[in-house]
Amino acid sequence: MAMEGKADVITLTERIRVNGVPTEASLAANGTLRWKGSDGGERCLTVELEVLGFEAEGRRITLRAFMGAFKGVSCGGGSFGKRTRRDYVLELPTEEAAIRWSERLRDCINSLGRPKMLFIIVNPFGGKKCGRTIFHNEVKPLLVAADIPYTMQETKYQLHAQEIAYSLDLLKYDGIVCVSGDGVLVEVLNGLLQRENWETAIKVPLGIIPAGTGNGMAKSLLDSVGDLYSVSNATFAVIRGYKRSLDITTVLQGETKFFSILMLTWGLVADIDIESEKYRWMGSARFDFYSLLRVMNLRRYHGHVQFVPAPGYESYGEPVQQDSSCMGNTILTEQGQINNAKVQSCGYPGPVASLDGLEWRSIDGPFVSVWINNVPWAGEDVMPAPEAKFSDGCLDAVIIRDCPKSALLALMLKMSDGSYVKSPYVTYLKVKACRLEPGRRVGNPSKGGIVDSDGEVIARGDRANDGKQQDNLMSYGPPIQMTVDPGLATIFSPR
């Protein structure tokens, strides 16, 4: 055995066998394992990037790796294709050497800040109702290989995840992971922010593993680092334990409050998202199918959008004369209401920043679509906000007013890469806060639209159903305000 370098950065070197092939191998202090392959070429494995965990028995160490098809000329460079599970069996010359190598591997893994215990919420009803199968077949094997214990609970009804997050003993866990679509993640967020100890609760890292219909958050996180969108890659991101801050949007109307992390839509996109529910059995293909139907029978809506522009977007819209009737600071201090129940006074009150003195601007309808986004992707193949960031303190507003049907169809075909925002029919801007005042359908004043936040209806404007308005969180017509609290939440993210 040889030890190279200074005492605090010793590289261990041994003559060992790797999967039965004798070779010279080294294990650096940073967890990089190097050896010669049977063809004489250098091979390497990096604990941080590719190792889930390991098992030691006698002189043998089994590394449980999760790695891609490497295409490069040196360790740590190049690019990776689809990752797969693979074991590497190291046979050391003595048990003492195996102990040293095991301690090095253990110290390296422990230094990475990976979660030690997870609470996992599985939604068995989302998307194609495969959440349970996805967990057992794809998620669980990786967690077991990484030696990460967990508690798993399935949701049984709508808002069950919110109830779980509200009452969960958070001290037992290093994160809450949702095997679901975006809706369950939003429920968890709202449950945490209703707690008496919300300031501590919201610091618990959240994770998302796609098992729903849209899966916009998982796609946004993986795409941000060029990772392939997959259940296994999303799971690996949680295992590795790297985290990033995430903006939270308070959606408010009077004393009614809701916390959002993905988007708010009204008009065409909301109609497609919600009215296509009857085709849920089609999976994500339901959106393409119903989009065509809606464009062919295009609706436009009266209304107003007011906003505080981010720097560089001050020329959009027209100035708004503020008066005492506007929703000013009161929206930031009044006690809120979630799911038609008062939030406890000790829950999260909303952003504390003042909106007084800020320049509000306005864009008036009629509108085809208004789409307010917090992250780039709304689903695995729909990118409405290519410039959106996870924690920039801004929302990305996408507004379509007059647009011919043929041009609209062409726009929708370009939503898969976000290039549709370059169209002259699309207004794209970043805002610090936003107010939506949804109106009636052009040519049919008895009909309104749908306001959809993170995939759930929060207001519906069909006068035939006015008596059922209490079934929705908010009323259709009065202004709905969105205000950003930068980086309030924390989410597991690929690195």
Side-chain angles (χ1 to χ4, degrees), residues 1-19 22-36 42-68 70 74-77 80 83 85-118 141-150 171-175 177 203-205 207 225 232-233 235-244 490 492-495:
M1 184 273 292
M3 295 187 292
E4 301 172 356
K6 297 180 180 179
D8 56 341
V9 287
I10 293 172
T11 296
L12 304 177
T13 62
E14 295 284 357
R15 181 75 181 177
I16 70 173
R17 290 179 178 268
V18 179
N19 291 341
T23 183
E24 287 287 336
S26 65
L27 180 59
N30 66 0
T32 299
L33 171 66
R34 297 177 184 271
W35 74 97
K36 295 289 186 180
E42 184 181 68
R43 303 286 187 269
C44 79
L45 199 62
T46 305
V47 169
E48 181 184 6
L49 299 178
E50 298 160 302
V51 175
L52 294 164
F54 72 95
E55 181 180 4
E57 182 177 357
R59 296 188 297 114
R60 177 174 294 186
I61 299 173
T62 302
L63 292 177
R64 298 188 285 264
F66 184 59
M67 55 194 300
F70 181 69
S74 64
C75 183
F80 292 85
R83 291 188 178 96
R85 269 283 288 116
R86 183 175 179 182
D87 287 346
Y88 289 86
V89 179
L90 315 181
E91 296 178 59
L92 279 295
T94 64
E95 290 193 11
E96 290 77 9
I99 291 172
R100 285 192 295 270
W101 281 51
S102 296
E103 289 175 348
R104 169 64 55 83
L105 290 167
R106 187 174 296 107
D107 289 345
C108 186
I109 290 175
N110 289 341
S111 72
L112 297 175
R114 293 184 175 182
K116 301 292 192 299
M117 181 71 178
L118 293 172
L142 292 178
L143 294 175
V144 171
D147 295 318
I148 296 179
Y150 61 87
L171 295 177
K172 294 181 179 179
Y173 304 101
D174 299 310
V177 179
K203 295 177 182 177
V204 175
V225 298
S232 57
N233 280 350
T235 305
F236 193 43
V238 172
I239 290 170
R240 291 182 63 195
Y242 181 71
K243 309 167 192 73
R244 68 161 72 234
T490 301
F492 288 113
S493 173
R495 188 173 186 175

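With contacts defined as side-chain heavy-atom distances shorter than 4.5 Å, the pair T490/V204 does not qualify. Considering only heavy atoms from C-beta on, L105 stays 4.5 Å or farther from V51 through its side chain. Looking at R15 and P93, their side chains never come closer than 4.5 Å, going by heavy atoms from C-beta outward. W35 has its side chain within reach of L45: a pair of non-hydrogen atoms, C-beta onward, lies under 4.5 Å apart. Looking at W101 and L33, their side chains come closer than 4.5 Å, going by heavy atoms from C-beta outward. Side-chain contact between L142 and R85 is present, with heavy atoms from C-beta onward closer than 4.5 Å.
For the pair P205 and K243, the tightest heavy-atom approach, listed with the atom from each and the gap, is CG-CE, 3.6 Å. Shown here for E91 and I16, the closest heavy-atom pair between the two residues is O-CB, 3.3 Å. Among all heavy-atom pairs drawn from A98 and I61, the shortest one is O-CD1, 3.7 Å. Closest approach of R83 to N233, counting heavy atoms only: NH1-OD1, 2.9 Å. When all heavy atoms are compared, the tightest approach of A237 to S493 is CB-C, 4.0 Å. Residue S102 comes nearest to A56 through the heavy atom pair OG-CB, 3.4 Å, listed as atom of the first residue, atom of the second, then distance.
Atoms CD and CD1, on E96 and I99 in that order, are 6.0 Å from each other to the nearest 0.5 Å. Between the NZ atom of K172 and the CG atom of L118 there is a distance of 14.5 Å, given to the nearest 0.5 Å. Taking CG of L90 as the start and CZ of R17 as the end, the distance is 13.0 Å to the nearest 0.5 Å. We find the CG-CZ distance between L52 and R114 to be 7.0 Å, quoted to the nearest 0.5 Å.
Not one N or O on the side chain of R100 forms a donor-acceptor pair closer than 3.5 Å with the backbone of L12. Panel note: side chain R64, backbone A145; a donor-acceptor pair is recorded below 3.5 Å. Between the R34 side chain and the A28 main chain, no donor and acceptor come within less than 3.5 Å of each other. Under a 3.5 Å cut-off, the side chain of R240 and the backbone N or O of L49 do not form any donor-acceptor pair. A donor-acceptor contact shorter than 3.5 Å links the side chain of N19 to the backbone of V89.
Side-chain contact annotation: Y88 with R86, donor-acceptor N/O pair under 3.5 Å present.
In the displayed structure, K203 atom NZ is contacted under 6.0 Å by at most 12 heavy atoms of other residues, nucleotides or ligands. No more than 12 heavy atoms of other residues, nucleotides or ligands shown are found within 6.0 angstrom of CZ on R60.
In this structure, the ring-ring contact (aromatic ring centres under 6.0 Å, His included) partners of F236, at least two apart in sequence or on a different chain, are F66.
Residue pairs that meet the ring-ring contact (aromatic ring centres under 6.0 Å, His included) test with at least one member in residues 42-61, sequence neighbours left out, do not exist here.
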Inset, instruction - Begin with the C-alpha distance, continue with both residues' side-chain angles, and end with the deciding distance and a verdict on side-chain contact (heavy atoms from CB on, under 4.5 Å) for E50 and L63. - result: CA-CA 10 Å; E50 298 160 302; L63 292 177; over 6 Å; no
